[in-house]
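A quick write-up on the structure given underneath.
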Number of protein chains: 2
Amino acid sequence: MRYHKIPDETIKRLPRYMRALLLLIKEGRETVSSGKFAELLRANPPQIRKDLSYFGAFGTPGVGYDTKRLFGQIQAILGLDSTPKAALVGLGNLGTALLKYPGFKAYGMHITAIFDSNPEKIGETVGDIKVENVLELSTLKGRNMSLGIITVPAPAAQEIADQLIAAGVNGILNFAPYYLKVPEHVKVITIDIAMELARLTYYLPTKT
Amino acid sequence: MRYHKIPDETIKRLPRYMRALLLLIKEGRETVSSGKFAELLRANPPQIRKDLSYFGAFGTPGVGYDTKRLFGQIQAILGLDSTPKAALVGLGNLGTALLKYPGFKAYGMHITAIFDSNPEKIGETVGDIKVENVLELSTLKGRNMSLGIITVPAPAAQEIADQLIAAGVNGILNFAPYYLKVPEHVKVITIDIAMELARLTYYLPTKT
DNA sequence: TGGTCTTTGTGAATGCGTACTCAATCACTA
DNA sequence: TAGTGATTGAGTACGCATTCACAAAGACCA
Ligand SMILES: NC(=O)c1ccc[n+]([C@@H]2O[C@H](COP(=O)([O-])OP(=O)(O)OC[C@H]3O[C@@H](n4cnc5c(N)ncnc54)[C@H](O)[C@@H]3O)[C@@H](O)[C@H]2O)c1
Ligand SMILES: NC(=O)c1ccc[n+]([C@@H]2O[C@H](COP(=O)([O-])OP(=O)(O)OC[C@H]3O[C@@H](n4cnc5c(N)ncnc54)[C@H](O)[C@@H]3O)[C@@H](O)[C@H]2O)c1
């Protein structure tokens with residue numbers, strides 16, 4: 001049913017559905033059944049149907065889902081139809097890699113501001129964006145920026161987060177290995193690469 | 001020692017515990033109670049106690065957990081005490097960022113081999129590692145490499161994964177937005193950055 | 001237009017992980 | 001050596017997510 005509680009796990013899967021749909025659309029497929037779709041994603045059909053059903057009835061029985069329409073619908077659910085703008089803070093190795101990555105556009109996202117504290121980097125242009133001084137972070141306020149990406153060293157992360165939030169950002173993608181303290185209305189997703197790599201070794205066959 | 005089923009979520013938390021313990025050790029703390037520890041991690045005490053209890057009794061009632069000892073124990077549980085070696089394939093923007101990152105060592109992990117297909121990159125050295133031709137990937141076999149890191153474009157990911165597995169790797173950290181098909185005994189963790197960013201917009205206040 | 005086939009949408013059951021609680025345990029002190 | 005206080009370890013209850021199964025619904029064809 002609509003407007004009831006939606007599992008967080010469902011939200012995590014939606015962007016994956018989008019990516020698979022992009023592929024299907026490129027292949028020229030007009031419709032896809034939950035069965036075929038599940039095969040592509042290595043998931044099971046009822047999972048997909050249930051996930052989608054939380055938001056309404058998008059499919060047609062006997063046929064399946066219209067690929068283009070479903071893509072648009074998921075995009076709308078996630079709020080990507082309004083092409084949110086993101087500010088990146090910390091033009092280091094990781095920040096640079098993110099900026100050079102072309103894959104974000106396909107979903108309707110854009111990084112439109114860059115900040116750093118290093119005087120050598122300030123003023124530089126990456127793509128067509130000029131690197132600004134982190135001290136001017138508050139100037140973001142009028143620029144309708146809804147997302148922040150933190151790629152500064154861990155000790156600076158909390159301070160940057162506070163400033164981003166003060167500037168009106170209410171979603172933060174954090175790469176620093178630090179657990180940010182933020183107000184209720186702000187959502188933080190931390191990607192902790194070292195943690196994932198560490199976890200991976202657990203699953204290796206024990207060699208003793 | 002409990003050899004019953006351990007929740008995957010528990011395994012995901014263990015590396016975070018390690019990081020927090022590193023901090024405590026640096027601060028000179030000898031012991032920590034589950035209460036203090038939970039506060040630091042913004043988690044709740046019973047969760048931590050339960051997680052640890054799956055592997056045995058590490059704490060002393062009335063006192064708490066010995067920080068150094070617990071760090072070593074978690075390290076052992078994860079298999080990081082044997083300092084697993086990792087091979088990275090795809091020395092692009094992301095691959096370079098990972099190689100320059102010093103944070104992996106603290107957990108007991110090392111990237112000790114690099115492969116790429118670009119002739120300009122082959123032969124180059126990064127840190128003290130020489131970049132090898134991806135066609136020579138099979139030479140990994142004798143080098144006791146247990147982990148692979150994939151930072152090549154998505155269309156090449158499956159092929160690289162197959163070759164890594166053939167060379168004896170059985171844990172893969174994959175950054176390519178592609179869902180790899182691997183044998184039963186191989187564990188894959190995919191970090192899909194674009195997906196996380198896309199998901200983030202869902203939680204933003206709907207502005208209409 | 002009626003019948004059949006396919007596939008959806010969802011109520012119900014199952015299974016898993018988290019949160020709670022409390023007796024058992026250990027250090028410390030007198 | 002016995003008493004006190006703090007904290008663990010785990011059995012239990014709860015809640016959420018996944019899986020299952022089936023009735024309702026549209027498409028297609030005779
Ligand atoms: N590179 C990786 O592979 C990797 C892996 C795991 C985690 N991380 C984390 O990601 C973050 C960035 O990593 P990196 O490798 O890009 O580091 P980096 O040192 O290359 O880049 C950090 C950048 O932030 C800038 N900076 C520092 N303090 C700042 C401040 N107060 N305000 C604004 N800018 C500031 C620096 O000038 C630099 O450009 C770190 O927190 C790191 O722990 C990185
Ligand atoms: N950079 C990011 O921020 C980012 C974000 C999300 C996902 N990703 C994914 O991570 C992967 C790497 O991204 P990137 O930005 O570093 O890309 P990149 O193009 O900078 O680097 C790719 C590297 O792989 C090498 N390569 C290509 N084909 C190869 C092959 N068959 N064998 C060996 N090496 C090969 C190239 O020579 C290059 O050095 C991609 O799959 C990308 O989709 C990157």
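Note on naming: letters A, B, ... go to the chains in the order of the sequence lines (proteins, then strands), and numbering restarts at 1 for each one.
Atom CG in B:Asn44 sits about 7 Å away from atom P in C:dC20, given to the nearest Å. Summarising the geometry, the separation between CG on A:Leu52 and P on C:dT10 is reported as 11 Å, rounded to the nearest angstrom. The distance from atom CD of A:Glu9 to atom P of C:dT18 is 11 Å, rounded to the nearest whole Å. A:Asp8 has its CG atom 16 Å from the P atom of C:dG17, to the nearest Å. The nearest whole Å value for the distance from the CD1 atom in B:Ile6 to the P atom in D:dG9 is 15 Å. Taking atom CG on B:Asp51 and atom P on D:dA10, their separation rounds to 13 Å, with Å as the unit. Atom pair B:Ile11:CD1 and C:dG17:P shows a separation of 11 Å (rounding to whole Å applied). Residue A:Ile48 contributes atom CD1, which lies 13 Å from atom C1' of C:dT7 at whole-angstrom precision.
With A:Ile74 as the partner, the side-chain contact (heavy atoms from CB on, under 4.5 Å) test is satisfied by one option alone out of A:Arg13, A:Arg69, A:Met18: A:Met18.
In summary, B:Arg19 and A:Asp192 engage in a salt bridge, as defined by a charged side-chain N under 4.0 Å from a carboxylate O. A salt bridge does not link A:Glu27 with A:Lys36: every distance from a Lys NZ or Arg NE/NH1/NH2 to an Asp or Glu carboxylate oxygen is 4.0 Å or more.
Here D:dG9 is the nucleotide among C:dA19, D:dC22, D:dG9 with the atom lying nearest to any side-chain atom of B:Tyr65. Ranking D:dA27, C:dC20, D:dT19 by closeness to the B:Pro46 side chain, first place goes to C:dC20. The nucleotide whose nearest atom lies closest to any side-chain atom of B:Arg49 is, among D:dG26, C:dC22, C:dG11, C:dC22. With D:dT19, C:dC26, D:dA17 as the candidates, the nucleotide lying closest to the side chain of A:Pro7 is D:dA17. Among C:dA19, C:dT25, D:dA27, the nucleotide with an atom closest to any side-chain atom of A:Val63 is D:dA27. Distances were taken from every side-chain heavy atom of B:Ser53 (C-beta onward) to each of D:dA10, D:dT19, D:dA25; the shortest belongs to D:dA10.
The CD1 atom of B:Ile48 sits 8.0 Å away from the OH atom of B:Tyr65 when rounded to the nearest 0.5 Å. The structure places NE2 of A:His110 at 12.0 Å from CG of A:Leu147, a figure rounded to the nearest 0.5 Å.
When the nearest nucleotides of DNA chain C are assigned to A:Thr60 and A:Lys50 by heavy-atom distance, the more 5′-ward of the two goes with A:Thr60. A residue-by-residue look at A:Arg13 and A:Pro61 shows that A:Arg13 has its nearest nucleotide of DNA chain D further toward the 5' end. Each of A:Gly62 and B:Ala57 was matched to the nucleotide of DNA chain D holding its nearest heavy atom; the match closer to the 5' end belongs to B:Ala57.
A:Gln47 has a side-chain polar atom (N or O) that falls below the 4.0 Å cut-off from OP1 or OP2 of D:dT19. For the OP1/OP2 pair of C:dT18 and a distance below 4.0 Å, the side-chain nitrogens and oxygens of B:Tyr54 include no atom meeting the criterion.
Listed by residue number, the members of residues 28-38 of chain B with any heavy atom below 4.0 angstrom from DNA chain D are B:Ser33, B:Ser34.
No side-chain donor-acceptor contact under 3.5 Å links A:Ser146 to the backbone of A:Val169.
The two residues A:Arg143 and A:Ala113 make their nearest non-hydrogen contact at NH1-CB, 4.1 Å. Residues B:Lys141 and B:Ala166 share a closest heavy-atom pair of CE-O, 3.2 Å.
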